[in-house]
K.L.:
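I am attaching a structure below and will ask some questions about it afterwards.
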Amino acid sequence: MNDYLTSLEEYKGFKDISDLIEETNELMEYYYTQQYEKMQQHINQLMRKYYVETFMWNKGKIYIPANAHEAFLNAEVFLKAKGQEILLRHGVKLQEEE
């Protein structure tokens with residue numbers, strides 16, 4: 001995910017990208033410092049902020065994250081997808097990942 005965040009830095013002039021970078025860094029900080037309760041609170045805030053997107057994201061899942069690690073991974077992948085969507089909305093062409 002760090003490579004992805006580094007690639008977003010080029011576009012942090014867009015407020016929504018800047019916010020996304022901050023949200024992702026906060027998620028990672030809570031996870032890697034094992035502040036799981038704060039991490040879950042942050043995920044809940046993201047779910048309220050991106051209500052429609054997270055509803056559709058989670059609707060397609062066949063399981064609910066059962067632990068902090070799964071919740072982190074689900075949120076991390078969601079934020080990456082959200083970043084790609086924001087870049088496309090701004091007309092930024094995405095490169096294929098190798």
Side-chain angles (χ1 to χ4, degrees):
M1 187 65 149
N2 286 332
D3 291 339
Y4 176 71
L5 287 175
T6 301
S7 69
L8 285 181
E9 287 291 324
E10 179 179 348
Y11 306 104
K12 68 180 178 183
F14 297 123
K15 169 84 168 98
D16 43 4
I17 291 294
S18 177
D19 290 348
L20 191 78
I21 291 169
E22 186 177 310
E23 291 162 352
T24 304
N25 283 331
E26 188 174 344
L27 175 74
M28 291 174 21
E29 172 70 20
Y30 291 143
Y31 179 74
Y32 291 120
T33 59
Q34 299 179 355
Q35 297 179 64
Y36 301 128
E37 187 173 322
K38 285 185 178 183
M39 182 190 76
Q40 190 57 55
Q41 290 171 354
H42 181 59
I43 290 171
N44 292 342
Q45 290 172 343
L46 292 171
M47 290 176 69
R48 285 189 296 277
K49 179 178 180 179
Y50 302 114
Y51 178 76
V52 173
E53 295 95 328
T54 57
F55 175 79
M56 296 304 293
W57 179 266
N58 290 320
K59 183 179 178 185
K61 303 293 179 195
I62 55 176
Y63 72 92
I64 297 172
N67 56 48
H69 179 71
E70 290 176 1
F72 168 74
L73 291 177
N74 188 43
E76 182 183 47
V77 174
F78 169 80
L79 289 171
K80 184 175 181 180
K82 184 65 182 166
Q84 292 170 340
E85 181 260 323
I86 292 169
L87 289 176
L88 287 171
R89 195 176 47 208
H90 285 291
V92 176
K93 292 185 179 186
L94 303 174
Q95 293 181 356
E96 294 284 324
E97 290 189 28
E98 296 178 22

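Heads up: numbering here begins at 1 and tracks the sequence.
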K.L.:
Considering only heavy atoms from C-beta outward, does the side chain of Phe72 approach that of Tyr30 to under 4.5 Å?
P.N.:
no
K.L.:
Taking the basic N atoms (NZ, or NE/NH1/NH2) and the acidic carboxylate oxygens, is any pair closer than 4.0 Å for Arg89 and Glu85?
P.N.:
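Between Glu85 and Arg89 there is a salt bridge, with a charged N closer than 4.0 Å to a carboxylate O.
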K.L.:
Do other residues, nucleotides or ligands put more than 12 heavy atoms under 6.0 Å from Glu9 CD?
P.N.:
yes
K.L.:
Does atom NE2 of His90 have more than 12 heavy-atom neighbours, drawn from other residues, nucleotides or ligands, at distances under 6.0 Å?
P.N.:
yes
K.L.:
Give a yes or no on whether Glu22 atom CD has more than 12 heavy-atom contacts from other residues, nucleotides or ligands under 6.0 Å away.
P.N.:
no
K.L.:
Does the Lys NZ or Arg CZ of Lys61 fall within the cation-pi geometry relative to Trp57 - under 6.0 Å from the ring centre and within 45° of the axis?
P.N.:
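Ring-cation test returns yes.
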K.L.:
Please check if Val77 and Tyr63 belong to a single hydrophobic cluster, counting links between Ile, Leu, Val, Met, Phe, Trp and Tyr side chain heavy atoms closer than 4.5 Å.
P.N.:
no
K.L.:
Rounded to the nearest 0.5 Å, how far does CD of Gln35 lie from CD of Gln41?
P.N.:
10.0 Å
K.L.:
Under 3.5 Å, is there a donor-acceptor pair between the side chain of Asn58 and the main chain of Thr54?
P.N.:
yes
K.L.:
What about Leu46 and Ile64, same hydrophobic cluster or not, with Ile/Leu/Val/Met/Phe/Trp/Tyr joined at side-chain heavy-atom distances under 4.5 Å?
P.N.:
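No, it is not one cluster - the side chains of Leu46 and Ile64 are not joined through contacts under 4.5 Å.
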K.L.:
Establish, from distance only, whether the side-chain atoms of Asn44 and Gln40 form a donor-acceptor pair under 3.5 Å.
P.N.:
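Result is yes, a qualifying pair exists.
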K.L.:
Please give me the minimum heavy-atom distance between Ile17 and Gly83, naming the atom from each residue.
P.N.:
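Scanning both residues, the minimum pair turns out to be CD1-O, 4.1 Å.
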K.L.:
Quick check: are there more than 12 heavy atoms from other residues, nucleotides or ligands sitting under 6.0 Å from NZ of Lys12?
P.N.:
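Atom NZ in Lys12 is not crowded, with 12 or fewer foreign heavy atoms closer than 6.0 Å.
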K.L.:
How many angstroms lie between atom CG of Leu8 and atom CZ of Phe14, to the nearest 0.5 angstrom?
P.N.:
11.0 Å
K.L.:
Before you tell me yes or no, could you show the steps for Leu79 and Glu23 under side chain to side chain contact (heavy atoms under 4.5 Å, CB included), namely the whole-Å CA-CA distance, both residues' side-chain angles and the distance that decides it to 0.1 Å?
P.N.:
CA-CA 8 Å; Leu79 289 171; Glu23 291 162 352; 4.3 Å; yes
K.L.:
Let me check something: do Met47 and Val52 share a hydrophobic cluster, defined by ILVMFWY side-chain heavy atoms less than 4.5 Å apart, either directly or through other members?
P.N.:
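Unlinked, Met47 and Val52 end up in two clusters.
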K.L.:
Do Tyr31 and Glu76 have side-chain heavy atoms sitting under 4.5 Å apart?
P.N.:
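Contact flag for Tyr31/Glu76 side chains = no.
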K.L.:
Determine, stepwise, if the pair Lys38 / Thr33 fulfils side chain to side chain contact (heavy atoms under 4.5 Å, CB included).
P.N.:
CA-CA 10 Å; Lys38 285 185 178 183; Thr33 59; over 6 Å; no
K.L.:
If you take all heavy atoms of Tyr36 and Ala68, which pair is closest and at what distance?
P.N.:
CD2-CB, 3.5 Å
K.L.:
Which pair of non-hydrogen atoms, one from Met39 and one from Ala71, has the smallest distance, and what is that distance?
P.N.:
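Shortest heavy-atom contact: CE-CB, 4.3 Å.
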K.L.:
Tell me, do Lys80 and Thr24 make a side-chain contact under 4.5 Å, heavy atoms counted?
P.N.:
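Side-chain contact under 4.5 Å: no.
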K.L.:
Are Tyr11 and Leu87 close enough that some pair of their side-chain heavy atoms sits under 4.5 Å apart?
P.N.:
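Answer yes - side chains close enough.
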K.L.:
Quick one: does Asp16's side chain get under 4.5 Å of Leu20's, heavy atoms only?
P.N.:
no
K.L.:
Quick check: closest heavy atoms across Leu5 and Ile21, and the distance to 0.1 Å?
P.N.:
CD2-CA, 4.3 Å
